[in-house]
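One is the number of the first residue; the rest follow in order along the sequence.
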Amino acid sequence: MRLTRVHIDQPLRAGSEIALPEGPATHLARVLRLGVGDACVLFNGDGHDYPARIVALGKRELRVAIDAAQAVDRESPLRLVLLQGIARGEKMDLILQKATELGVAELRPLWSQRSEVKLDEARAEKRLAHWRSVVASACEQSGRARVPQVAAPVSLSAALAALPDGGLRLILDPEGELAFSTLSVPADAPVHLAIGPEGGWSPLDREQLRAAGFNGLRLGPRILRTETAGLAAIAALQARFGDLA
């Protein structure tokens, strides 16, 4: 039987005993109805799973004993970085969740000229915390033991300025100069995939992307919605260059 995996944002060590934070404790005790002696798996993003068992359960505390540390390698050999124009509400959650399941290594939300979502500083902080929770939950479900980084949302120009040198930079374009059938990815190089918001990239956005070295990739003749485009491209790239067989 598959054991419940729980993300814990703290150091974990085999042979230790810890009290779980309120969120995971509530999920195990009240949602899943686990009790003393039941097993679960903890992970904190360091590349290991930590099999554990519940040793104490009270109204305000759930304690587990960590039995072992098991190395887990479910990361794709293709390092994909998704630059995603911020979408509204559940669309953004869906993109982050499924991109994590498909093996994306890093997620960089951004605003562009046609973005329909506007966040002040306080709302941006809350939204970022929510997005990171979505990604951690996707790792729980998919078995990943390393949690993709979710960067704080920034403007397109700031996101482009922060990109490291090297690697392949792609935007989807039905009339792009690169064909997926002949695409090549340099060994050990990251692939940066930029996907626009609901309103798409503006001419100015495209100028900035082109100036930053992004090339158009043809992935079929149709124009895809923002919640479809990135996921379709990620799946195609993983199937050809990553670990989707």
Other residues, nucleotides and ligands only: do more than 12 of their heavy atoms fall within 6.0 Å of CZ on Arg225? no
What's the separation between atom CZ in Phe241 and atom CG in Leu80, rounded to the nearest 0.5 Å? 10.5 Å
For Asp46, does the CG atom sit with more than 12 other heavy atoms under 6.0 Å from it, leaving out its own atoms? yes
ILVMFWY cluster, Leu219 and Ile171 together (side-chain gap under 4.5 Å): no
Pair Val134, Thr100 - check side chain to side chain contact (heavy atoms under 4.5 Å, CB included), show working. CA-CA 9 Å; Val134 168; Thr100 300; over 6 Å; no
Are Leu170 and Leu183 side-chain neighbours, meaning at least one heavy-atom pair lies under 4.5 Å? yes
Ignoring hydrogens, what is the shortest heavy-atom contact between Leu110 and Ala159? Give both atom names and the distance. CD2-CB, 4.1 Å
Would you say the side-chain atoms of Asp205 pair up with the backbone N or O of Ser202, donor to acceptor, closer than 3.5 Å? yes
Can you measure from CG (Leu168) to CZ (Arg79) and round to the nearest 0.5 angstrom? 14.5 Å
In Å, rounded to the nearest 0.5 Å, how long is the span from CG of Leu217 to CG of Leu193? 8.0 Å
Verify same cluster id: Leu128, Val81 (apolar side-chain graph, 4.5 Å): no
Only one of Gln97, Glu101, Arg5 clears side chain to side chain contact (heavy atoms under 4.5 Å, CB included) with Gln141; which? Glu101
Taking atom CD of Gln208 and atom CG of Leu160, what is their separation to the nearest 0.5 Å? 6.5 Å
Is there side-chain contact between Gln84 and Thr226, with heavy atoms separated by less than 4.5 Å? yes
Any donor-acceptor pair under 3.5 Å from Arg218 side chain to Gly176 backbone: yes
Measure the OG-CZ distance between Ser76 and Arg144 for me, rounded to the nearest 0.5 Å. 8.5 Å
Counting only heavy atoms from other residues, nucleotides and ligands, does the tally under 6.0 Å from CG of Leu32 exceed 12? yes
More than 12 non-hydrogen atoms from neighbouring residues, nucleotides or ligands closer than 6.0 Å to CD on Glu177, yes or no? yes
Find out whether Met92 and Arg127 are in side-chain contact, i.e. whether some heavy atom of one side chain is under 4.5 Å from a heavy atom of the other. no
Could you check if a side-chain atom of Ile66 sits within less than 4.5 angstrom of a side-chain atom of Arg13, using non-hydrogen atoms only? no
Within a radius of less than 6.0 Å around CD of Gln10, do more than 12 heavy atoms belonging to other residues, nucleotides or ligands occur? yes
4.5 Å side-chain heavy-atom contact, Pro51 and Leu3: no
Would you call Glu207-Arg210 a salt bridge at under 4.0 Å N-O? no
Using a 4.5 Å cut-off on heavy atoms from C-beta on, say whether the side chain of Cys139 contacts that of His7. no
Hey, would you say the His48 and Phe43 ring centroids sit under 6.0 Å apart? no
When clusters are formed by joining ILVMFWY residues with side-chain heavy atoms under 4.5 Å apart, either directly or through shared neighbours, do Val104 and Leu172 land in the same one? yes
Shared hydrophobic cluster, Leu42 / Val135 (ILVMFWY, side-chain heavy atoms < 4.5 Å): no
Honestly curious: do Leu209 and Ile86 fall in one hydrophobic cluster under the side-chain, below-4.5 Å linking rule? no
Mark yes or no for whether Ser137, through its side chain, and Ser133, through its backbone, hold a donor-acceptor pair below 3.5 Å. yes
Heavy atoms, side chains only, cut-off 4.5 Å: are Leu34 and Leu57 in contact? no
Looking only at side-chain N and O atoms, does Thr4 offer a donor or acceptor that is under 3.5 Å from a partner on Glu140? no
Are any of the side-chain heavy atoms of Leu163 and Leu83 separated by less than 4.5 Å? yes
If you count the non-hydrogen atoms of other residues, nucleotides and ligands that lie under 6.0 Å from CD in Glu17, is the total more than 12? yes
Counting only N and O atoms by type, is there a donor-acceptor contact under 3.5 Å from the side chain of Arg240 to the main-chain atoms of Phe180? yes
If you take all heavy atoms of Val191 and Val185, which pair is closest and at what distance? CG2-CG1, 3.8 Å
